[in-house]
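What follows is a short report on a single structure.
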Amino acid sequence: MGGKSGVIRSIAVLLISAVMISLLSFEVLFSSNGDDFLFVSASLNIEENIQSQPGSQKSSESASSVQSNVSSNNTASKEVSASADAKGKILEQFISPNSASLSYNNLYLKNSTGLNIDIKSLLKSDLGFKLKSNSQPQVLIMHTHTTESFMLEDRNYYTGSDLSRRTNEKQNMVALGDIVAKKLNSAGIKTIHDKTKHDYPAYNGSYTRAANTICSYLKKYPSIKIVIDMHRDAISSGKSDKVKLCADINGKTAAQVMLVMGSQSGTVKNFPKWKENLKLALKIQQTFEVMYPSLARPLSLTSKNYNESLTTGSILLEMGTDANTLEEAKYSAELVGNALVSVFNTLK
């Protein structure tokens with residue numbers, strides 16, 4: 001009996017081991033292929049109405065104003081590349097100027113303030129300042145959110161390594177500011193580019209620190225007439241997907257840009273000359289559309305301040321989103337620089 005029991009126990013052990021090995025093999029196969037299958041088979045779900053990225057990208061200080069009625073440059077059947085590290089998809093889209101609530105003569109504006117805006121009258125109005133061709137600074141370029149950055153590779157998915165903020169000046173907003181500043185200075189429009197990291201190491205309080213920087217320059221150089229705050233937008237679609245905004249300009253992909261202008265409306269007070277800023281922004285918006293149709297999203301007029309009350313020539317400019325590539329954003333900076341030179345030359 002003892003011998004038979006030993007044989008039976010041995011056979012039982014072998015059977016149990018075989019079953020466990022089979023289960024383990026199935027589990028490994030499921031774990032290694034399951035997620036990849038989900039990523040590969042998931043087709044893009046393009047939504048007409050995309051929402052602004054939550055606070056991790058743009059906090060309550062955000063200048064982001066996302067439009068609806070978005071048409072995609074991609075086909076809905078495009079599939080996300082397989083990657084075990086993928087956090088979500090990147091959806092390429094284009095925001096048409098026709099989504100604007102107001103339009104006039106190649107100028108498109110989205111008004112979310114409740115104010116009555118006469119675009120034609122404002123566009124024809126003269127600005128309260130002139131730019132001079134001398135050695136004195138006329139323009140200040142700065143960044144409230146300096147570390148905002150872009151994708152370093154052109155992919156239709158993003159991973160945890162694709163940071164939305166970087167301190168490397170060759171990869172964040174400083175790189176774009178350098179391009180625009182170089183364009184203006186080369187055209188004889190004396191421009192200062194401030195590279196202070198107002199959002200690092202702390203994000204909260206960025207606008208307060210940026211205001212101190214602006215006021216410091218205005219005190220040192222009273223000749224400065226125009227202040228350009230260059231940002232990068234962030235847009236999400238669904239729970240985890242990001243949106244890149246693209247336009248084809250002369251056969252090359254550019255990140256779409258957007259002017260964001262504040263006003264004395266809603267709860268905003270002490271901004272009586274907001275229309276002076278808007279007049280400048282309208283001239284720039286129109287020039288974008290004439291020189292590079294589809295580069296600019298509709299100008300966004302909001303009930304915010306954004307430090308634009310500090311001068312009568314302040315503008316906030318959003319350059320693409322965090323899903324755009326750095327190269328796409330740099331190309332946009334080249335185009336923006338050309339357009340600003342064109343506008344500013346008329347102000348001399």
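The model shown is predicted, which means the values in this text are computed figures rather than measured ones.
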* **With Asp162 via salt bridge (Lys or Arg N to Asp or Glu O under 4.0 Å) - residues at least two apart** => Arg155
* Is the backbone of Leu140 close enough, under 3.5 Å, to the side chain of Asp194 for a donor and an acceptor to pair up by distance? -> no
* To do: Enumerate the residue pairs fulfilling side chain to side chain donor-acceptor pair (under 3.5 Å) with a member in residues 333-344, sequence neighbours excluded, ordered by first and then second residue.
  => Lys183-Glu334, Lys183-Asn338, Tyr292-Asn338
* Nearest 0.5 Å please: distance from the CE atom of Met261 over to the CG atom of Asn111. => 13.0 Å
Pairs under 3.5 angstrom only: tabulate donor-acceptor contacts from the side chains of residues 267-282 to other protein residues two or more places apart or in another chain.
residue, atom, partner, partner atom, Å
Glu276, OE1, Lys279, NZ, 3.3
Glu276, OE2, Lys279, NZ, 3.2
Asn277, OD1, Gly313, N, 3.1
Asn277, OD1, Ser314, N, 2.7
Asn277, ND2, Glu308, O, 3.0
Asn277, ND2, Thr311, O, 3.4
Lys279, NZ, Asp126, O, 2.8

* Asked: Would Lys244 and Glu328 pass as an ion pair if we require N to O under 4.0 Å?
  -> yes
* Tell me the side chain to side chain donor-acceptor pair (under 3.5 Å) pairs involving residues 249-263, sequence neighbours left out? -> Ser263-Ser265
* Asked: Are the side chain of Arg297 and the backbone N or O of Met258 linked by a donor-acceptor pair below 3.5 Å?
  -> no
* Give a yes-or-no answer on whether the side chains of Asp154 and Thr325 include a donor-acceptor pair shorter than 3.5 Å. => no
* Nearest heavy-atom neighbours spanning Phe344 and Val139 -> CE1-CG2, 4.1 Å
* N/O donor-acceptor pair under 3.5 Å between Gln138 side chain and Lys132 backbone -> yes
* Quick one: list whatever passes side-chain hydrogen bond (donor to acceptor under 3.5 Å, both in side chains) with Ser121, sequence neighbours left out. => none
* Do the rings of His145 and His231 sit parallel, tilted or perpendicular, given the 30° and 60° boundaries? -> perpendicular
* Quick one: list whatever passes salt bridge (Lys or Arg N to Asp or Glu O under 4.0 Å) with Lys225, sequence neighbours left out. => none
